[in-house]
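Index from 1, following the sequence. Given the structure is predicted, the values throughout are model-derived calculations rather than measurements.
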Amino acid sequence: MLSPALKRKSVLACGASLSAALTVLTALGAPAQAATGTGKYVALGDSYAAGAGVPGQSAGLCLRSDRNYGHLVAAALKSSAYTDTTCSAAKIKAITSAQYDAFIRVNDPQLDAVTADTELITVGIGGNDLGTSDLGIADVIATCIGGAVINPLGTPCKDHYADGHWDWSSWSWQYGEDTLQRRIAAARPQLADALRRIHAKAPHAKVLLVGYPSVLPENEWDCVGRQPVTVGDVAYLRGVLGSLNSMLASTAAADGATYVDTAAPTRGHDICSDDRWIEGTIPHAPAVPFHPNATGEQVMSRAVLKALGR
């Protein structure tokens, strides 16, 4: 039998061993917990961000869809609070000013939804600044389609916006200043200012500037007989859209935002494709013409999540 002194030593030894074991377990750490959701998320933007025409729709003329990429991103991130202020026909000025369509107020300044505790902001805007009417880029589309009816074998859209004219002195067709390229350049400082205002209201937020998808095919001949736009104008408009996305990317880089490329993941699923993610003049799936359908919005949401490292 052990003496009382030896018993006390045994108890102390066991206690020391148990303490050491607990220390090792603590050092190793408990199993990693599942990632928690993000905090407050606000989506800003135009009809491409709103998911115009994709069921179910809300917000009146803003045509917001509950399946737009903002809603899908918010669900994937398990955001604690999500606010969608996107609105069809929104121009860059709609970020900081109320939006009016034909003198009707359709949306409050989108920036009003952003607060100091906002953690994530997506911005999808700029395309409507190519147009001059309240309908934004819709008037450009109408001009190009109308021109194709009159001059189906030429480049009526390019001729209209890039000052196409016959030069008698050189006996050749010439082009002047491109109006759409000029409008893209003019939109840059407006967008930069909007991003600065967003950062000022939410200094700790992650800001993503979402580009436009591949609306038009890389091979312009794919649109022959499929959409009411000439082959030459498909190439021209594809270049304009590329310039717009390049402006968005460079402005994001210069003003503290992350650019999200949605053109690459949607390539091959344009308005002239057999498998459309962006609808054409006569939509095959619910969406406003020349806008992403539900699949297109889903692909755009995946691009946003990828940019967030998710």
(message) Show every disulfide bond (SG atoms under 2.5 Å apart) that has at least one partner inside residues 146-198, sequence neighbours left out.
(response) C144-C157
(request) Establish, from distance only, whether the side-chain atoms of S133 and D139 form a donor-acceptor pair under 3.5 Å. (result) yes
(message) In this structure, would L130 and V215 fall into the same cluster of hydrophobic residues linked by side-chain contacts under 4.5 Å?
(response) yes
(message) Quiz question: by atom type and distance under 3.5 Å, do the side chains of D270 and S273 form a donor-acceptor pair?
(response) no
(request) Rounded to the nearest 0.5 Å, what's the gap from CG on N107 to OG1 on T85? Could you check? (result) 6.5 Å
(message) Could you check whether any side-chain N or O of Y212 sits under 3.5 Å from a backbone N or O of G127, counting only pairs where one atom can act as donor and the other as acceptor?
(response) yes
(message) Regarding Y236 and D159, do their side chains bring together a donor and an acceptor under 3.5 Å, going by distance alone?
(response) no
(message) Holding to salt bridge (charged side-chain N to carboxylate O under 4.0 Å, His left out), I want the full list of residues that pass it with R302, two or more places apart in sequence or in another chain.
(response) none
(request) Enter the distance from L195:CG to I95:CD1 here, rounded to the nearest 0.5 Å. (result) 8.5 Å
(request) Check for a donor-acceptor pair, side chain of H160 on one end and backbone N or O of T155 on the other, with a separation under 3.5 Å. (result) no
(request) Following the transitive rule for hydrophobic clusters with a side-chain heavy-atom cut-off under 4.5 Å over Ile, Leu, Val, Met, Phe, Trp and Tyr, establish whether I125 and Y48 coincide in one cluster. (result) yes
(request) Taking the side chain as every heavy atom from C-beta outward, state whether L248 and L191 have any pair of such atoms under 4.5 Å apart. (result) yes
(message) What's the separation between atom CZ in F290 and atom OG1 in T281, rounded to the nearest 0.5 Å?
(response) 3.5 Å
(request) Kindly give the heavy-atom pair with the smallest separation between A113 and K40, and that separation in Å. (result) O-NZ, 3.4 Å
(request) Give the minimum heavy-atom separation between A202 and I121, together with the two atoms involved. (result) CB-CD1, 4.0 Å
(request) Group every Ile, Leu, Val, Met, Phe, Trp and Tyr by side-chain heavy-atom contacts under 4.5 Å, then state whether V229 and L244 land in the same group. (result) yes
(message) Checking the side chain of Q99 only, and the main-chain atoms of A94 only, is there a donor and an acceptor separated by less than 3.5 Å?
(response) no
(message) I'd like to check I184 versus V240 (side-chain heavy atoms, cut-off strictly below 4.5 Å). Are they in contact?
(response) yes
(request) For residues D274 and R226, determine if any side-chain heavy atom of one lies less than 4.5 Å from a side-chain heavy atom of the other. (result) yes
(request) Can you run down the disulfide bond (SG atoms under 2.5 Å apart) pairs that involve residues 170-209, sequence neighbours left out, and say none if there aren't any? (result) none
(message) Taking I145 as the starting point, is it possible to reach Y161 by hopping between hydrophobic residues whose side chains are less than 4.5 Å apart?
(response) yes
(message) Once rounded to the nearest 0.5 Å, what's the spacing between atom CH2 of W277 and atom CE of M300?
(response) 12.0 Å
(message) Strictly below 4.0 Å, N to O, side chains only: are R183 and D129 in salt-bridge contact?
(response) no
(message) When you measure from the side chain of R64 to the backbone of A59, do you find a donor-acceptor pair of N or O atoms at a distance under 3.5 Å?
(response) no
(request) Ignoring hydrogens and angles, state whether a donor on the side chain of S47 or H291 is under 3.5 Å from an acceptor on the partner side chain. (result) yes
(message) Do P55 and S65 have side chains that approach each other closer than 4.5 Å (heavy atoms only, starting at C-beta)?
(response) no
(message) Quick one, T86 with L44, criterion side-chain contact (heavy atoms from CB on, under 4.5 Å). Give me CA distance, side-chain angles, the key distance, then yes/no.
(response) CA-CA 5 Å; T86 59; L44 316 177; 5.6 Å; no
(message) Could you tell me if T122 and Y41 have a donor-acceptor pair between their side chains, going purely by distance under 3.5 Å?
(response) yes
(request) Could you check if a side-chain atom of Q181 sits within less than 4.5 angstrom of a side-chain atom of S243, using non-hydrogen atoms only? (result) yes
(request) Drop me the distance from Q174's CD to D167's CG, to the nearest 0.5 angstrom. (result) 5.0 Å
(message) Quick one, T262 and P213 - any side-chain contact, counting heavy atoms below 4.5 Å?
(response) yes
(request) Starting from V288, walk the hydrophobic network (Ile, Leu, Val, Met, Phe, Trp, Tyr; side-chain heavy atoms closer than 4.5 Å) and list everyone else you reach, by chain and number. (result) L63
(message) Main chain of R276, side chain of H269: is a donor-acceptor contact present, judged purely on distance under 3.5 Å?
(response) no
(message) Which residues end up grouped with I104 if you chain together Ile, Leu, Val, Met, Phe, Trp and Tyr wherever their side-chain heavy atoms are less than 4.5 Å apart?
(response) L61, V106
(request) Show your working on side-chain contact (heavy atoms from CB on, under 4.5 Å) between Q190 and D193 and close with a plain yes or no. (result) CA-CA 5 Å; Q190 298 179 55; D193 179 67; 5.8 Å; no
(request) Report yes or no: do R188 and S250 form a side-chain donor-acceptor pair below 3.5 Å? (result) yes
(message) When you measure from the centre of the six-membered ring of Y175, is the NZ or CZ of K158 closer than 6.0 Å and no more than 45° off the axis?
(response) yes
(request) Give a yes or no on whether the backbone of Y82 and the side-chain of S79 come within a donor-acceptor separation of less than 3.5 Å. (result) no
(message) Counting C-beta onward and ignoring hydrogens, is there a side-chain heavy-atom pair between L120 and V42 closer than 4.5 Å?
(response) no
(request) Can you run down the disulfide bond (SG atoms under 2.5 Å apart) pairs that involve residues 202-310, sequence neighbours left out, and say none if there aren't any? (result) C223-C272
(message) Quick check against the 3.5 Å criterion: does H204 have a side-chain atom that pairs as donor or acceptor with the backbone of E119?
(response) no
(message) Can you give me the closest heavy-atom contact between C87 and Q110, atom names plus distance?
(response) N-NE2, 4.0 Å
(request) Determine yes or no for a side-chain-to-main-chain donor-acceptor pair under 3.5 angstrom, with N128 supplying the side chain and I137 the backbone. (result) yes
(request) Using salt bridge (charged side-chain N to carboxylate O under 4.0 Å, His left out) as the criterion, list what pairs up with D178, not counting sequence neighbours. (result) none
(message) Check for me, please, whether L241 and V140 land in the same ILVMFWY cluster - side-chain distances under 4.5 Å, paths through other members count.
(response) yes
(request) Please name all residues satisfying ring pair (Phe, Tyr, Trp, His ring centres under 6.0 Å) with Y69, sequence neighbours left out, ordered by chain then number. (result) none
(request) Tell me, please, which residues at least two apart from R238 pass salt bridge (charged side-chain N to carboxylate O under 4.0 Å, His left out). (result) E220
(request) Only counting residues at least two apart or in another chain, list the ones meeting salt bridge (charged side-chain N to carboxylate O under 4.0 Å, His left out) with D117. (result) none
(request) Take L77 and L305, measure what side-chain contact (heavy atoms from CB on, under 4.5 Å) needs, and give me the verdict at the end. (result) CA-CA 8 Å; L77 295 178; L305 291 169; 3.8 Å; yes
(request) First locate atom CG of L111, then atom CZ of R197, and finally report the distance between them rounded to the nearest 0.5 Å. (result) 8.0 Å
(request) Please answer whether the main-chain N or O of S214 pairs with a side-chain N or O of T266 as donor and acceptor at a distance below 3.5 Å. (result) yes
(message) Within the structure provided, determine whether L209 and T258 are in side-chain contact (heavy-atom separation under 4.5 Å).
(response) no
(request) Please go through V231's hydrophobic cluster and name the other residues, only I, L, V, M, F, W, Y counting, with side-chain heavy atoms under 4.5 Å joining them. (result) W221, V224
(request) With sequence neighbours excluded, tell me which residues meet ring pair (Phe, Tyr, Trp, His ring centres under 6.0 Å) with Y259. (result) none
(request) Could you verify whether a donor N or O on one side chain and an acceptor N or O on the other, from K201 and T115, lie under 3.5 Å apart? (result) no
(message) Could you check whether E279 and N293, counting side-chain N and O atoms only, form a donor-acceptor pair closer than 3.5 Å?
(response) yes
(message) Show, in sequence, the C-alpha distance, side-chain angles and deciding distance for F103 and D134, and conclude whether the side-chain contact (heavy atoms from CB on, under 4.5 Å) test is met.
(response) CA-CA 9 Å; F103 305 106; D134 287 343; over 6 Å; no
(request) Give a yes or no on whether a salt bridge exists between R182 and E177, defined as a side-chain N under 4.0 angstrom from a carboxylate O. (result) yes
